[in-house]
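Protein chains get the first letters and strands the later ones, always in sequence-line order, with residue 1 at the start of each. These values consider heavy atoms only, across backbone and side chains, with no hydrogens, waters or symmetry-generated copies.
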Amino acid sequence: MPEKKQSSLETFFGSQSSEIKGDRPDKKEQPTTKSQEEVKEVESKMISKEEEIEEEELEEEEEEEDILEDKAPIELCPDNSPPCCLLHSLYDGSTGRAFLMLLNEHDNRLYGWYDQTNHQPYCLSDLSVEELQRISPVKNYKNIVDYQIVKKQNLLIDKEISMTKILVTDPLAVGGRSDSLRNRLPEAWEARIRYHKNYLYDRNLVPGMYYQIQEGKFIPVKQELAVSVKKEIESIFKDESEEVKKLIPQYLPRFLARMPHIRRAAMDIEVFTENMNRIADPKKAKEEVISVAIVGNDGLKKILVLKRENVPLGKRAGELPRDAEIVFFDNEANLLRETFRIMNDYPLIITFNGDNFDLPYLSQRAYNLRIKKEENPIIVRSRYCKLKHSLHFDAYRFFNQAAIRVYAFGGKYNEVSLDAISSALLDVGKVELENDIGDLSLHRLVWYNYWDSKITLELTTFNNDITIRLIILLMRLTRMPFEDINRQAVSSWIRNWLFAEHRQRGYLIPNSEEIIQSRGESSTKAIIKGKKYKGGLVVEPQPGIHFDVTVLDFASLYPSIIKTWNLSYETMNCSHESCKNQVMVPETDHWVCTKRKGLMSILIGFIRDMRVFWFKPKAKDQSVDQNTREAYDVIQAALKVVINASYGVFGAPHFPFYCPPLAEATAAIGRQAIRKTIERCKQMGIEVIYGDTDSVFLKHPTEQQIEKLIDWSQKELKIDLDVEKNYRYLALSERKKNYLGVYPSGKVDVKGLLGKKRNTPPFIKEVFNEIVKILSSVKKEEDFEVAREQIKGLVKDSYSKLKNKEYPLEALAFQVQLNKQLDQYVKTTPQHVKAARQLLVEKGDKKVAGDFIYFVKTVDSDGVRAIELADVSRIDTDKYIAQMESTLAQVLEPIGVSFDRIMGVRSLDDFFA
DNA sequence: AACTGTGGCGCCCACT
DNA sequence: AGTGGGCGCCACAGTT
């Protein structure tokens, strides 16, 4: 690419002098009322923001290199070792080498291994060595070690090119400092990949897999697979291309290799507080650590408690297991020392929010108590904490990941607290606190502390270690080191996966701007303002009650489209003259390459097929033994997480393979698929009463019709259409994404209705749920008569209770999440923000982004009061009646009941009755 | 000054 | 990680 070179050189020299950083736009002066000023004053007193903001800006720059802090903090592997599971990788600055962490299951310990291959950090340039020598900032850069010529396949132009690999002394010489090589070159490639990841890719190492040291050499342990399994899977992929078939031996061992058993302990600390609503600040760690509970999956149950003056001992809790050991300390520093000693003994420490609270608190507290640095194993980073001798897993972070919550655990918990997650997944709750932590007797404190720690451990052990198995599988699939799975969101898993696949195949990892420049932006207009492209199609619902409804949906629609349409960032609007305007994406100006198989298409298609054709059916197959079935279910869940996120990331500007044409083509083809299906249904005389993105709701279709339709889809669209569910009846209003369906079993599906939303007051939810219960028993048209009467009674009761102010504040509270910091709400002041500001001004309680605000509607000037400050007598009953009406009308309207009429609002009917 | 209509903010959810 | 959609309310403009 000769023109490219020149222009990149030109831009380089041209831009030398113009290193201007964008000035911050002036803050707009907003007229403020007195109360707003008051709020701001309090806010500024509460925190000094300067440092925080600076940190955030630094973080946004790029991901931190994971650096080994102390030289070899764990024992090194001997020259001959048993097979060990590769868990983590880092970079050791002191030796300038990659450092691997392996788990030896024989002694349950972590062992370290330094790279012995003399692998070095590098980046790529499109300039020849001679050309590079002419650029003085490069020529004079003392950290360059060597140049190598390498061949790379450039997918964007579909050509093999020659590049110069510039080897340097250390990762920061590539990028991260102002004088780094990245800033000295006109353009650098693969220069933003963390070194320890580069190391994994180049050596083709897979975290989560087994390796051993033989005579000082680091070698993979071969995974034997059952011949029958291999055969069966090969037959599934028999019609696929060679490129897809090649993936089988690569990925199958990663899915099927056994799972390591990881010895681990969960830890939870309690800090003295006078006020339940105040959380201690880990940056200052002013208060005493009064208790630490450590619970291991090896049976350890230890609670370290600080003896405090004037605090009663109390009685040992009866529920506390007999083998739980309570150790009392007179001295807090010694308590911490013992905590550290126990932690160091485990290869893995589990916390719940330890990144942001327990670990930074312990560390700062240790510092305050003058515990020596060497004795403290905690390393506090801006976004997370790590341990010198162990790995750290923050369960809060993991379960908080949207992809994990939705796909792996099916949205069973929709609030991420220890309480909510454990009650949803473990079927147990948290111990209710009857007092502030500071007021508990020591034994009460022990019990409370122990319980949280035990629950935290169980979040990783329940269901036969499903959490750990999921993580290991995600590591093996996406090549992420253990701790990175938690620290980073799903987009970086996919980024990592794709980086590794590029490197392994000798493909150049393109720079993001190149993709945008060569593949272009989106060409459709989104329906919602501010979005980048048009998304899924939602069919106008046919209002009314429909009996016998069958729902068909496309099996993982978007991944299927990516596969069958050969979509990939390089196949969109490809560079081949002859491909232009051949295979066009409907509704767009984009064409798809006809010469080359798209990499995304191959990878996503393969994973999708593995899941749909192998792991998912086998997980349900009763002829397969239970253990295997369970294992397969975990695998299919892990694959689902990665597959489903793979479409969205291409529409995310920060994703390194950001490619709007790819994202919008996928959605556009999806719209076409559902449109064609509806058209086909019409031709066949089937009534389509609703549909959303990938589904069609059909009114009493026959078995033959369904079968015919599925066949047609397979032939015509090449996408699998499946029967997803059948409703005894379905209630539709004129609103989209809003319906209530009753299965033959009586189970009820409620979608989108206000009665289900978490910001609806509990008392209305309760009435709503009662109504739903009544509706679930309706079998025929005639049954509605009885149901209607029952429902009317229910609503009337609730109405009079409300009028008589019989509901307590809790039942009336709206629960709304604060999604931004309080001072970020500048355009409008929503009600929950008003309530949060009341709390700040009147009680000094500072709510932060992520907190839930509970408020009630009142007749006060704000129209709303935070529940903590409210009084039942001031409740605005009319507002609640309106709320009841809008919520309940969504179910009442379709079954022909009028809310107004129940309430006795005079209608003509009532008048003459 | 009090009312009415309306765009858009903010939240939550449905689907991928 | 993406878009589509419902709802309540706020802020503001225009009218009486």
Below 4.0 Å from chain A heavy atoms, what is the first contacting nucleotide of DNA chain B and what is the last?
B:dG8 to B:dT16

Which residues pass the salt bridge (charged side-chain N to carboxylate O under 4.0 Å, His left out) test with A:Lys751, sequence neighbours left out?
none

Partners of A:Lys563 by salt bridge (charged side-chain N to carboxylate O under 4.0 Å, His left out), sequence neighbours excluded?
A:Glu240, A:Asp609

Which residues pass the salt bridge (charged side-chain N to carboxylate O under 4.0 Å, His left out) test with A:Asp860, not counting sequence neighbours?
A:Arg874

Between protein and nucleic acid, restricted to nucleotides 1-10 of chain C and to nitrogen or oxygen atoms under 3.5 Å apart, what atom pairs and distances do you find?
{"from": "C:dA1", "atom 1": "OP2", "to": "A:Ser491", "atom 2": "OG", "distance (Å)": "3.1"}
{"from": "C:dG2", "atom 1": "O4'", "to": "A:Gly648", "atom 2": "O", "distance (Å)": "3.4"}
{"from": "C:dT3", "atom 1": "OP1", "to": "A:Lys532", "atom 2": "N", "distance (Å)": "2.9"}
{"from": "C:dT3", "atom 1": "O3'", "to": "A:Tyr533", "atom 2": "O", "distance (Å)": "3.4"}
{"from": "C:dT3", "atom 1": "O3'", "to": "A:Gly535", "atom 2": "N", "distance (Å)": "2.7"}
{"from": "C:dG4", "atom 1": "OP1", "to": "A:Ile527", "atom 2": "N", "distance (Å)": "3.3"}
{"from": "C:dG4", "atom 1": "OP1", "to": "A:Gly535", "atom 2": "N", "distance (Å)": "2.9"}
{"from": "C:dG4", "atom 1": "OP2", "to": "A:Ile527", "atom 2": "N", "distance (Å)": "3.2"}
{"from": "C:dG4", "atom 1": "OP2", "to": "A:Ile528", "atom 2": "N", "distance (Å)": "3.1"}
{"from": "C:dG5", "atom 1": "OP1", "to": "A:Lys736", "atom 2": "NZ", "distance (Å)": "2.9"}
{"from": "C:dG6", "atom 1": "OP1", "to": "A:Lys736", "atom 2": "N", "distance (Å)": "3.1"}
{"from": "C:dC7", "atom 1": "OP1", "to": "A:Arg735", "atom 2": "NE", "distance (Å)": "2.4"}
{"from": "C:dC7", "atom 1": "OP1", "to": "A:Gln890", "atom 2": "NE2", "distance (Å)": "3.2"}
{"from": "C:dG8", "atom 1": "OP1", "to": "A:Ser886", "atom 2": "OG", "distance (Å)": "2.6"}
{"from": "C:dC9", "atom 1": "OP1", "to": "A:Lys857", "atom 2": "NZ", "distance (Å)": "2.3"}
{"from": "C:dC10", "atom 1": "OP1", "to": "A:Lys834", "atom 2": "NZ", "distance (Å)": "2.9"}

A:Tyr807 meets the ring pair (Phe, Tyr, Trp, His ring centres under 6.0 Å) criterion, sequence neighbours left out, with A:Phe763

Residues two or more places apart in sequence or in another chain: which of them pass ring pair (Phe, Tyr, Trp, His ring centres under 6.0 Å) with A:Phe657?
A:Phe499, A:His502, A:Tyr569, A:Phe655

Inter- and intrachain pairs under side chain to side chain donor-acceptor pair (under 3.5 Å), touching residues 637-664 of chain A, at least two apart:
A:Ser523-A:Glu664, A:Thr524-A:Glu664, A:Tyr533-A:Tyr647, A:His590-A:Glu664

Which class fits the ring pair A:Tyr880 and A:Phe814: parallel under 30°, tilted 30 to 60°, perpendicular over 60°?
tilted

A:His832 near the nucleic acid: base, sugar-phosphate alone, or nothing, with a heavy-atom cut-off under 4.0 Å?
sugar-phosphate

Residues that A:Asp553 engages under salt bridge (charged side-chain N to carboxylate O under 4.0 Å, His left out), provided they are two or more places apart:
none

